[in-house]
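Report on one structure; see the data block that follows.
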Amino acid sequence: MTDEQLMGLARKAAARAYAPYSDFQVGCAIESVDGELVTGANMENVCYRLGICAEQSALSAAQHRFGLDRIARIAVAGGTGEVVCTPCGGCRQAILEAAQLSGRDIPVLCGSGDGATLERHGISDLIPHGFGPANLDDPRPA
Ligand code: THU
């Protein structure tokens, strides 16, 4: 699957977001090292602080489908205009968790809402000097 195709899945997922309060729909598509695919979208709540980002939604699906440590690539798209949607700080932290579990940098493709722009980042660029599982003495207790 090309980067553009993975981004296409993220854009399709955004269309199924539940975002009546911000009216800002975000979609996320995640591919595993074996080519398995999961998607997610933001899901808001009338109790605003309970809203869930698209990335968190897709990461949860990825853990259930194939495991966080097997994530190969992530695509995120949101909004409707020309501004590129990059993951929020919390989502960067969540992606860092997966990256450190696998011991690999994870490419994060970020798309504008209008579909015109696709930026390629690595999670190490998006959250440099991050605090992750590797910082703990015993990151994966039995
Ligand atoms: N949002 C995401 O889903 N992912 C991000 O990385 C940025 C923000 C959502 C949260 C909220 O539902 C809406 O976009 C506006 O902030």
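Keep in mind that the numbers below use all heavy atoms, side chains included, and drop hydrogens, waters and symmetry copies. Numbering of ligands and ligand atoms starts at 1, following listing order.
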Taking [Y]'s backbone N and O only, do any of them form a donor-acceptor pair with [X]'s side chain (distance below 3.5 Å, no angle check)?
| X | Y | result |
| --- | --- | --- |
| Glu44 | Tyr21 | yes |
| Asp105 | Ile123 | yes |
| Ser32 | Arg70 | no |
| Arg104 | Ala72 | no |

How far is [atom] from its nearest protein heavy atom, and which residue and atom is that?
| atom | answer |
| --- | --- |
| atom 7 (C) of ligand 1 | Cys88 CB, 4.0 Å |
| atom 9 (C) of ligand 1 | Asn42 ND2, 3.5 Å |
| atom 10 (C) of ligand 1 | Cys53 SG, 4.0 Å |

Element-labelled atoms of ligand 1 that are located less than 4.0 Å from some non-hydrogen atom of [X]:
| X | answer |
| --- | --- |
| Ser22 | 13 (C), 15 (C) |
| Glu44 | 11 (C), 12 (O), 13 (C) |
| Glu55 | 2 (C), 3 (O), 4 (N), 5 (C), 6 (O) |
| Pro87 | 6 (O) |

Item to check | Atom of Ala10, atom of Ala75 and distance for their closest heavy-atom approach | outcome: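 Shortest heavy-atom separation between Ala10 and Ala75 comes out as CB-O, 3.6 Å.
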
Checklist entry - At their closest point, which heavy atom of Ala17 faces which heavy atom of Asn42, and how far apart are they? => result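 Looks like CB-OD1, 3.1 Å.
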
Next on the checklist: With a 4.0 Å cut-off on heavy atoms, is Gly51 in contact with ligand 1?
Outcome noted: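 For ligand 1, residue contact (heavy atoms, under 4.0 Å) with Gly51 is absent.
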
Checklist entry - Can Arg65 and Glu36 be counted as an ion pair, charged N to O under 4.0 angstrom? => result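 The answer is no: the pair does not qualify as a salt bridge.
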
Next on the checklist: Between Glu4 and Arg120, does any NZ, NE, NH1 or NH2 come within less than 4.0 Å of an OD or OE carboxylate oxygen?
Outcome noted: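 Between Glu4 and Arg120 there is a salt bridge, with a charged N closer than 4.0 Å to a carboxylate O.
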
Checklist entry - Judging by distance only, is a nitrogen or oxygen of Ala54 under 3.5 angstrom from one on ligand 1? => result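 Yes, there is a polar N/O contact under 3.5 Å.
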
Item to check | Cys91 N/O under 3.5 Å from ligand 1 N/O | outcome: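 Among all N and O atoms of Cys91, none is under 3.5 Å from an N or O of ligand 1.
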
Next on the checklist: For atom 1 (N) of ligand 1, is there a protein heavy atom at a distance under 4.0 Å?
Outcome noted: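 Yes.
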
